[in-house]
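Keep in mind it's a predicted model, so treat the numbers as computed, not measured. As the structure lists them, so they are numbered: ligands from 1, and atoms in each ligand from 1.
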Amino acid sequence: MPPFPRHLIDGYRTFASQRLPTEQSRYRELSERGQSPEVMVIGCCDSRVSPEVIFDAGPGELFVVRNIANLVPVYQPDENAHGVSAALEFAVNVLRVKHILVLGHAQCGGIRAFIDKIEPLSPGDFIGKWMAMFVKPGEKVEQRDHETMADFTVRIEKAAVFRSLENLMTFPFVRGAVERGELNLHGAYFGVAEGSLFVLDQVTKEFRGAREVLGE
Ligand SMILES: [Zn+2]
């Protein structure tokens, strides 16, 4: 058996000696009472974009689904298994979360793979098929005249947030909860290099710096 990674053991030791003592009662309470997070986050697998770190969240606070490029598929009740849909079903119908946040980010490898139309990485071409759902039938995603590659990439990274928010509303239980005023949908974008957070203004459809939103 290969040795368990040493740095993970060291990390757990640090958690157990420093963080756990202050959070032990919280863990115990959550274990007895069950979880009741108010926020679901749909984020990317990217190791630099951890929702719990970015939002300084403790145990039980965020119900998180992470996948390549923070995508939500359209509602598709068929014979196939759908991971994001299963998580949504539980978050909305059982946990009754009050907010769903789609968190996009800069330098997204999934978006880059999509833009560069990379060759399949395995015979299954799982990333290719996953990213393909980002595009609606007949829709073209192309670099505009005079748009730099960097600007194009950011535009598509943000478009992934818009598309996921749009697709969320195709789930009848999500739409129903939103229309009853029990659930709010949000978008945000994390700038990795600066550690900056931009929040989607749903009226102007623009991302604004989190500090600006707070009036700081
Ligand atoms: Zn990503």
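M40 and L165 fall within the same hydrophobic cluster, where Ile, Leu, Val, Met, Phe, Trp and Tyr residues are linked whenever their side-chain heavy atoms come under 4.5 Å apart, directly or through other members.
Counting heavy atoms from C-beta on, the side chains of I115 and M149 come closer than 4.5 Å.
In this pair, F207 and F162 present their aromatic rings perpendicular. The plane angle is above 60°, beyond the 30 to 60° band. A perpendicular orientation is assigned to the rings of Y75 and F173, their planes being inclined by more than 60° (bins at 30° and 60°).
For the ring pair (Phe, Tyr, Trp, His ring centres under 6.0 Å) test, no residue two or more places apart in sequence or in another chain qualifies with F55.
Residues R112 and D116 are paired through a salt bridge, judged by an N-O separation under 4.0 Å between the basic side chain and the carboxylate.
Excluding water, every protein N/O/S atom under 2.8 Å from the Zn ion (ligand 1) is given here by residue and atom: C44 SG, H105 NE2, C108 SG.
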